[in-house]
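Each ligand, and each atom within it, is numbered from 1 in the order the structure gives. Scope of the values below: all heavy atoms of this structure, side chains included, with no hydrogens, waters or symmetry mates.
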Amino acid sequence: MDQAPKDWSPHSAHWGAFSARWNGETLDIRPYENDPAPSPILQNFTTAMRHKARILRPMVRKAWLDKARLDRSKTARDFDQTFVALPWDEALDLLADELSRVRSKHGAAAVFGGSYGWSSAGRFHHAQSQVHRFLNTAFGGYVRSVNSYSAGASAVILPHILGNYEALSRHNVTWDQVAEHSDTVLAFGGMALKNSEVASGGVSRHIERDAMQRAVQRGAVFYGVSPLRDDMPEASAAHWLPIKVGTDVALMLALAHTLLVENLWDREFVARYCTGFEIFERYLLGRDDGTPKDAAWAADIAGISATTIIGLARRLPRGRTLITVSHSLQRAQYGEQPVWMGAVLAAMLGQIGLPGGGYNYALGALGHTGRRPHGLPIPTLPQGKNGVGDFIPVARISDMLLNPGIPFDYNGRTMRYPDIRLVYWAGGNPFHHHQDINRLRRAFNVPETIVVHESAWTPMAKFADIVLPATMTLERDDIGAAATDQRLVAMRKAVDPVGEARDDFDIFAALSRRMGTEQAFTEGRDSRQWLAHLYEPTRRALADAGCDAPSFDEFWQRGELLLPPAPDDGGLLRAFRNDPDKNRLPTPSGKIEIHSKAIAEFGYDDCPPHPVWLPSSEPATARHPLTLIANQPATRLHSQLDFGAFSQSRKIAGREPVRLNPADAARRGIADGDIVRLFNDRGACLAGAIVSDDVMAGVVQLSTGAWYDPEPGAAEQPLCVHGNPNVLTRDVGTSRLAQGCCGQVTVVECEKFRGALPAISAFDPPGQV
Ligand code: PGD
């Protein structure tokens, strides 16, 4: 029975702090009162709790169950197969047996528990942390994944050239510094508010819009370099520099070339703080290849006039200039290059480490950036020790499943893909986040067993064999916290769990009990005791600092705790600038590496030892003349709560919106509101057209996150009738260095869809027998 209406419960999501009140059928949502710009994504919760997409009880794929006692290796999975509901005890017994079987026959290294995904914001009921802890403490380990889909290339290249990705993106130039000091902000890939609305763990105040407004009022000028005008918020009053997709490095090189030949660069800074400029300079001037990377050269490549490039270059050394490079630019083939070249351009301007100037990788890409990390420990679930050493770069999952034993390169190492028999996933949706979904489908047909904990029938849940219903965040107590937010939130339960859904922790506790390792997993604590236990390090640190440090019960009753702000100290780049001998950068030379000897030794032709312009190996062609940008959505986080009220309110005839330029639309006879078919050699999807001159000609933009909805019956490349762009994107690594995901960009053709519109079944539960 659902609860009667009750009080407002404080809570938090990756898209902001809020309060919720259950009214018996839906939730009332009230954003945190001190948030100056709360995210509309919060409204997705209102109708989500009792939606038909919720998973109500443990379910097992019938085809898998039928073969469970026979030859499991041959279960062919597909989306139109049926499931059998099982009581919890039976499902857990079955799963415990299967885990034991796989471990005794193939070892723990045959289990992939990489289980990437954002899941929900609470620090304890974080599904990915829970599954990793279970596999480490109760199972003996698992094959893990490293890095993220967000920052696959930058997380690997930055330590070679500047330092740790987290430090450079999250503890660097703050929004206050931008508001007070920056004269010019040159944002490659923009700083869209839809992105900074989101921060893993949640932030309670969204400060970006107001900071940009303050900067503009003081006279700062923003430049947004992007194929999409609205990658810069209105508040920034930005000059839009429309650029051909994936050509930012050429523009950056031309800016650097102009600085060099017009003697506008900071020679002393480069000499003192950088290494390898002479080698890069030869490339920039075309000494060896005969091609100076000048403005005329870049104009053709980037589609920006040489006059504009030279004018911009001349502006940069005047006043305080900040260069930013968004995540999106590195979520593409050779994505390491713009991250590196952005830093080199900033180094040539000599302002790295100055307030409001220099280089802040990914400022505005998440709510975490541009803030002052408080430096206090936040509640964190210990993961235990992994008994298996094997890992993959996260976006190489299809490669791994399809190519056991085959070698691959990664960051100077040659490794082999493990032979995976069982995949365990909790808190992620690979059929949303991975590229080339038709290939992923083949890959997910390789393992003998797939286990998923989910709160909703995502395509990943529909493709699993054992599906265990997990509670949603508002159905349990947790603690919300982020290293970049000043507020610890007592995330109180607002509504009873749907159906038979259980917390991931309780599922793993029951499983580990069956496997004889319960104590190792739970350490004798229930959820409530874990929350108090995880809170304690924060309380102790506050007490040591002489701050308000209430007991757990007191914190829980208050609903929140304010953490003292840290000084706005500019992080490692400021310290390095102030004293480069004492505060060496954590790079091999201790300096900014414009040329990297380490990368030179790797010998990768797809990631040379200094930044270079490398054109995509998948250019637009006559067959696929449009470049697709598959960026982050504005109406939800990734694919989460795609069935929610706000996400649904923006669909067109139930399909995900795709934006295209009026000229491209007219050429194809497409009008606003038409349903279109996007296709290339990898797949096809439907989407609802929005004709807009905010999108450059030659570009179409379809955000990620519409739940994959394959038309039934089609074999190899079913049409996704809903609009998931990952049926079109390429599943290749950014380079052999980072092997990051290339999900941001691909090439397609687009046509008006004239057939009978197929029904959307993405949110329907699968058939049940
Ligand atoms: P989400 O949709 O957030 O996507 O990929 P990710 O897999 O993180 O999936 C989280 C899932 O966790 C949801 O299905 C949700 O229901 C589930 N969940 C939430 N709470 C719980 C819980 O308590 N327990 C359990 N068991 N489950 C829970 C995101 C990834 O996509 C990322 S980070 C990026 S940056 C990439 N971006 C792009 C892109 O720009 N372009 C393309 N083409 N592709 C991308 N993919 C990547």
**OP:** Could you tell me if any non-hydrogen atom of G427 lies under 4.0 Å from any atom of ligand 1?
**Re:** yes
Original post:
Is it the case that D503 and T471 place a side-chain donor and acceptor less than 3.5 Å from each other?
Top reply: yes
Subject >> Contacting atoms of ligand 1, where contact means under 4.0 angstrom from a heavy atom of G743 >> reply: 41 (N), 42 (C), 43 (N)
Subject >> Within-shell test, Q435 vs ligand 1, heavy atom, strictly < 4.0 Å >> reply: yes
**OP:** Return yes if a side-chain donor-acceptor contact under 3.5 Å exists between R123 and T380, otherwise no.
**Re:** yes
**OP:** With atom 33 (S) of ligand 1 as the reference point, say which of Y116, Y149, F505 has the nearest heavy atom.
**Re:** Y116
Original post:
Quick one: which ligand 1 atoms are inside 4.0 Å of a heavy atom on S455?
Top reply: 16 (O)
**OP:** Consider ligand 1: state whether an atom of it lies below 4.0 angstrom from any non-hydrogen atom of A456.
**Re:** no
Original post:
Is the shortest N/O to N/O distance between T729 and ligand 1 below 3.5 Å?
Top reply: no
**OP:** State the atoms of ligand 1, each with its element, that fall below the 4.0 Å cut-off from a heavy-atom position in G117.
**Re:** 6 (P), 7 (O), 8 (O)
Original post:
S119: heavy atom below 4.0 Å from ligand 1, yes or no?
Top reply: yes
Original post:
In terms of side-chain heavy atoms, does Y165 have a donor or acceptor partner in N147 at a distance below 3.5 Å?
Top reply: no
Original post:
Under a heavy-atom criterion of less than 4.0 Å, does T471 contact ligand 1?
Top reply: yes
Original post:
For A127 and ligand 1, does the shortest N/O to N/O distance drop below 3.5 Å?
Top reply: no
Original post:
Backbone, side chain, both or neither: what part of A470 comes under 4.0 angstrom of ligand 1, heavy atoms only?
Top reply: side chain
Subject >> Min N/O separation S150 to ligand 1 under 3.5 Å >> reply: no
Original post:
Any luck finding a side-chain donor-acceptor pair between T473 and H125 under 3.5 Å?
Top reply: no
Original post:
Identify the closest protein heavy atom to atom 20 (N) of ligand 1: which residue and atom is it, and at what distance?
Top reply: S120 OG, 3.3 Å
**OP:** Going by the side chain to side chain donor-acceptor pair (under 3.5 Å) test, name the single residue among R659, K194, Q701 that passes it with D230.
**Re:** R659
Original post:
Under the ring pair (Phe, Tyr, Trp, His ring centres under 6.0 Å) criterion, do Y149 and Y116 qualify, and how do the steps go?
Top reply: CA-CA 9 Å; Y149 280 79; Y116 179 83; 5.0 Å; yes
**OP:** Could you find the nearest protein heavy atom to atom 38 (C) of ligand 1 and give me its residue, atom name and distance?
**Re:** Q632 NE2, 3.8 Å
Original post:
Stepwise, does the side chain to side chain donor-acceptor pair (under 3.5 Å) test hold for R476 with S120?
Top reply: CA-CA 11 Å; R476 61 202 182 209; S120 44; 2.8 Å; yes
**OP:** Provide the number and element of each atom of ligand 1 under 4.0 Å from a heavy atom of A630.
**Re:** 39 (C), 40 (O), 41 (N), 42 (C), 43 (N)
Original post:
Is R476 near ligand 1, meaning one of its heavy atoms is under 4.0 Å from it?
Top reply: yes
**OP:** Show the numbers, then the answer: is there a ring pair (Phe, Tyr, Trp, His ring centres under 6.0 Å) between F431 and F79?
**Re:** CA-CA 11 Å; F431 279 96; F79 285 96; 5.3 Å; yes
Subject >> Under 3.5 Å side-chain donor-acceptor pair for T734 and Q330 >> reply: no
Original post:
Any idea which heavy atoms bring N429 and S639 closest together, and the distance?
Top reply: ND2-OG, 2.9 Å
Original post:
Considering only protein heavy atoms, which is closest to atom 14 (O) of ligand 1, and at what distance to one decimal place?
Top reply: E454 OE2, 2.5 Å
Subject >> Heavy atom of the protein closest to atom 2 (O) of ligand 1 (residue, atom name, distance) >> reply: S639 OG, 2.5 Å
Subject >> atom 3 (O) of ligand 1: nearest protein contact (heavy atom, Å) >> reply: Q640 NE2, 3.0 Å
Original post:
Is the cationic atom of R133 (NZ for Lys, CZ for Arg) positioned less than 6.0 Å from the six-membered ring centroid of F521 and within 45 degrees of its normal?
Top reply: yes
Original post:
Is T458 close to ligand 1, meaning an N/O of one under 3.5 Å from an N/O of the other?
Top reply: no
Original post:
Heavy-atom distance to atom 24 (N) of ligand 1: which of L628, D504, I507 wins?
Top reply: D504
Original post:
Distance-only, no hydrogens or angles: does the H206 side chain make a donor-acceptor pair with backbone N or O of E197 under 3.5 Å?
Top reply: yes
Subject >> Donor on one side chain, acceptor on other, H624 and N680, under 3.5 Å >> reply: no
Subject >> For atom 4 (O) of ligand 1, the protein heavy atom that lies nearest, with its residue and separation >> reply: H432 CD2, 3.2 Å
Subject >> Residue W118 vicinity, atoms of ligand 1 by number, heavy atom under 4.0 Å >> reply: 3 (O), 8 (O), 33 (S)
Original post:
Do D731 and H434 get their side chains close enough for a donor-acceptor pair, meaning under 3.5 Å?
Top reply: yes
**OP:** Measure the acute angle between the ring planes of F112 and W425, then classify it against the limits of 30° and 60° as parallel, tilted or perpendicular.
**Re:** tilted
**OP:** Report the member of Q128, H638, R54 with the shortest heavy-atom distance to atom 29 (C) of ligand 1.
**Re:** H638
Subject >> Region of R331 engaging ligand 1 - heavy atom pairs below 4.0 Å >> reply: side chain
**OP:** Quick one: closest heavy-atom pair of N631 and S703, and the distance?
**Re:** OD1-OG, 2.9 Å
Subject >> T729 backbone acceptor or donor facing T746 side chain under 3.5 Å >> reply: no
Original post:
Does ligand 1 have any atom that is closer than 4.0 Å to a heavy atom of N726?
Top reply: yes
**OP:** Among all protein heavy atoms, pick out the one at the shortest distance from atom 7 (O) of ligand 1; state its residue, atom name and that distance to 0.1 Å.
**Re:** H433 ND1, 2.6 Å
Subject >> Top protein contact for atom 42 (C) of ligand 1, by heavy-atom distance >> reply: T704 CG2, 3.0 Å
